[in-house]
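A short write-up of the structure that comes next.
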Amino acid sequence: MSNNINITLPDGSVRSYGAGATGLDIAESISKSLAKAAIAVRIDGVLSDLSLPITGDAKVEILKRDHNDALEMIRHDAAHVMAEAVQKLFPGTQVTIGPSIENGFYYDFARNEPFSPEDFEAIEKEMRKIVERGDAFVREVWDRNKAIKFFKDKGEYYKAELIHDLPETEEIKIYRQGEWLDLCRGPHLPTTKHVGTAFKLLKVAGAYWRGDSNKAMLTRIYGTAWRDEKELNAYLHQLEEAEKRDHRKLGAEMDLYHFQHEAQGSVFWHPKGYAIWRILEDYIRRRIQEDGYVEVKTPQLIDNKLWEASGHWGKYRENMFVVPDVVPNTEEGGKVFKEEPTRFMALKPMNCPAHVQIFKQGIKSYRDLPIRMAEMGCCHRNEAHGALHGLMRARQLTQDDAHIFCTEDQIHGEVKKFIELFRKVYDDFGFHDVKILLATRPENKAGDDATWDKAEKAMADVLNELGIAFEYAPGDGAFYGPKYEFHLRDAIGRSWQMCTCQLDFVLPERLDASYVGEDGKKHRPVMIHRAVFGTFERFMGVLIEHYAGKLPLWLAPVQVVVATITGKADDYAATVLASLKKAGLRAELDTRNEKINYKVREHSHAKVPVMFIVGAREAEEGTVAIRRMDSQDQPVEKLENAVETLANLCKPPY
RNA sequence: GCCGUUGUAGCUCAGGGGUAGAGCAUCGCAUUCGUAAUGCGAGGGUCGAAGGUUCAAAUCCUUUCAACGGCACCA
């Protein structure tokens, strides 16, 4: 065996080094400046410490601070530095885990006293000291039992548990920075100095140990870290900007809707908000009618016997609003119910069981399939208080729902048809960055594994055949079948599931739906649950944030305001408004006794996309001065031309 | 549901044991104005709710409700 190893560099050149040479050795052999700038090394594609000896032939890439992976390492190291700082300042705090995340890092601590944002300054100060100290991150491999004992002796029970649960095959790696050390799989930057000072602690939050709500609640500190101050400030600025796009803030400012305590989690839609709703509803109706859907309406309150049969009573009850099927007691000061209720109904949390009931009316033939049964279905879900989040997570929600009853042979065609519909719709709304997941069987599931195998394979096949990239989300499926999840991000980067498409082999069986096949025998239909918007509520929330409230003309609740400069133009302004309304536009009139500056400012804030401004001159000449949002231009046009042009611009895309 | 933070006028916020404040918004009057705030005046609050401490509570304490940030759960 030779003592030399061949290292292939990214430019294709091959150099020979003694076995055990490190990334740093290689960098030094290339240039002094590279060695100085190097922060990590990629060995055969695996990110590693610069100081790790390389034992065999390998492809090696030296990474500098400007590399994308560097940012992740800076954040991970910042988490370690924070953990040391916290343990120094708050003795007795146990460390648990602290990964890098998108835009930053966090560390979960176990401590009886919670941390407060007021502690941040002290922690950051201590972190800067540790960075300034510049200790090397030293990698050590420990014996498993020694490591467990070490951490237990230190009172670090969470760490000991982590080590105990690591697979036998895994090396127990410890990274040391000066006196402080932590269990970690690495890799790390050469020294704490490399973390830099472009970091900031952002918030404290509770988080369950190992993500399990039955386990202890830890305190998590979130921070962000960047290569330099400039990047950090840009990010903090971006956060501020994102706050301004928040649909809850814009919803109030634009007078779209409100919430109040008495109907927690349910929306009071104001005229303008509901105008947007109706535009969405009209649009999606046109789309699904073209695709051969029929529309139905089903009951809100349904006896629990149906929910028992469908499986919701067993698997979904904690999310349902249950209503005793009893006449309430009306005695003053008496109990609400004289006796403990024994019969129950429930507000529907989903539309599917009701749609199956419609399917089951009469006898269906294979010739009737597929049946695409749609409903703008209003559902109620008893969401945990902490889960509620404006329009994104409400207790009353309305899905643009449909269930497609089809044969197994039709699955491919129907799913494909649906994905084409999804693409058209999201394109029309300007949503181009959609993440697609295939969610597979959860633990709490109905149906046998063979059925699940079949369903999951069918769904993966369709996407593969259509050449659509997707990722798996193991365990995230509905209890009755696997599903596609289509996720969009909100203003502050949170991802929300919108569109969905779920295959279901279970419910038709449970509710005994059948059709007569070509062979004259009974068969089970397959059910495809799908929603394009998902829910109107969430779709609107994302829509508002996506456009920062500045909705495209066809969606704007008020498309144009006619604003007068002087009372002398009031009569003319009324005729302008009439022409706009006649052309089918959503128009309003502002003849208030205010200066035009004031009106322009106010309607701009209300995000009205177009203003027709009329004064004495326009009244005289039969024209309007047109002001588009965010434009300094004020072209003056003949009224008829202006209305026609605007009407064309306001046409829905479909 | 769990951890933390915050609740004062319609909105944004100041005040912090001794008579409840500002700006914007609202209403009235004046002004008739050319593209992001015209002037003057008036009205508006059980200080989230309940209980407690105190001569006195918006302020201190307890409980509770809600909102916000996470976690868990999910469209």
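Chain naming here is simple, since letters A, B, ... match the order of the sequence lines and numbering starts at 1 in each.
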Between [X] and [N], is there a side-chain N or O to OP1/OP2 distance below 4.0 Å?
X        : N      : value
A:Arg248 : B:rG69 : yes
A:Arg393 : B:rC73 : no
A:Arg381 : B:rC73 : no
A:Asn597 : B:rA36 : yes
A:Gln260 : B:rA67 : no
A:Lys568 : B:rC33 : yes
A:His389 : B:rG69 : yes

Under a 3.5 Å threshold, yes or no: a donor from one side chain and an acceptor from the other, between [X] and [Y]?
X        : Y        : value
A:Glu156 : A:Gln87  : yes
A:His403 : A:Asn351 : no
A:His546 : A:Arg245 : no
A:His529 : A:Asp401 : no
A:Arg220 : A:Tyr222 : yes
A:Lys348 : A:Thr298 : yes
A:Thr440 : A:Lys483 : no

Euclidean distance for [atom1], [N] against [M] (whole angstrom):
N      : M      : atom1 : result
B:rU46 : B:rG4  : C1'   : 29 Å
B:rA56 : B:rU6  : P     : 28 Å
B:rA57 : B:rG52 : P     : 12 Å
B:rC13 : B:rG48 : P     : 15 Å
B:rC29 : B:rG43 : C1'   : 15 Å
B:rG23 : B:rC60 : P     : 26 Å
B:rU12 : B:rG51 : C1'   : 32 Å
B:rA75 : B:rU5  : C1'   : 28 Å

Please work out if [X] contacts a base, only the sugar-phosphate, or nothing of the nucleic acid, heavy-atom cut-off 4.0 Å.
X        : value
A:Met611 : nothing
A:Tyr598 : sugar-phosphate
A:Thr500 : nothing
A:Ala531 : nothing
A:Lys595 : base
A:Arg538 : base
A:Ser604 : base
A:Lys599 : nothing
A:Tyr222 : sugar-phosphate
A:Gln396 : nothing
A:Ile565 : base
A:Lys483 : sugar-phosphate
A:Arg111 : nothing
A:Arg617 : base

Going by purine N1 to pyrimidine N3 plus the second Watson-Crick contact, or the G-U wobble pair, all under 3.5 Å, which nucleotide sits opposite [N]?
N      : value
B:rA9  : none
B:rA20 : none
B:rG45 : none
B:rU62 : B:rA50
B:rC68 : B:rG4
B:rA30 : B:rU38

Answer yes or no: side-chain N or O of [X] and base N or O of [N] forming a donor-acceptor pair under 3.5 Å.
X        : N      : answer
A:Arg210 : B:rC71 : no
A:Glu113 : B:rG4  : no
A:Glu383 : B:rA75 : yes

Between the main-chain N or O of A:Ala394 and the side-chain N or O of A:Glu537, is there a donor-acceptor pair closer than 3.5 Å? no

Interatomic distance where [atom1] belongs to [X] and [atom2] belongs to [N] [whole Å]:
X        : N      : atom1 : atom2 : value
A:Asp108 : B:rC71 : CG    : C1'   : 9 Å
A:Trp496 : B:rC73 : CH2   : C1'   : 12 Å
A:Phe115 : B:rG4  : CZ    : C1'   : 12 Å
A:Glu253 : B:rC24 : CD    : P     : 18 Å
A:Arg592 : B:rC27 : CZ    : C1'   : 14 Å
A:Glu602 : B:rU38 : CD    : C1'   : 14 Å
A:Arg220 : B:rA72 : CZ    : C1'   : 11 Å
A:Tyr208 : B:rC73 : OH    : P     : 10 Å

With nearest nucleotides of RNA chain B determined for A:Glu318 and A:His605 from heavy-atom distances, which residue corresponds to the more 5′ nucleotide? A:His605

Starting from the 5' end of RNA chain B, give me the residue, A:Gly211 or A:Arg601, whose nearest nucleotide shows up first. A:Arg601

Measure up the A:His258 and A:Phe268 rings against each other and bin them: parallel (under 30°), tilted (30 to 60°), perpendicular (over 60°). parallel

Just one of A:Lys297, A:Gln399, A:His355 clears the side chain to side chain donor-acceptor pair (under 3.5 Å) bar with A:Glu375, so which one?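 One option only clears the test, and that one is A:His355.
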
Quick note, A:Gln497 side chain, CB onward, closest among B:rA75, B:rC71, B:rA72 is B:rA75

Closest listed nucleotide, where the reference is the side chain of A:Ser213 and the choices are B:rG4, B:rA72, B:rA36: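 Of the candidates, B:rA72 comes closest.
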
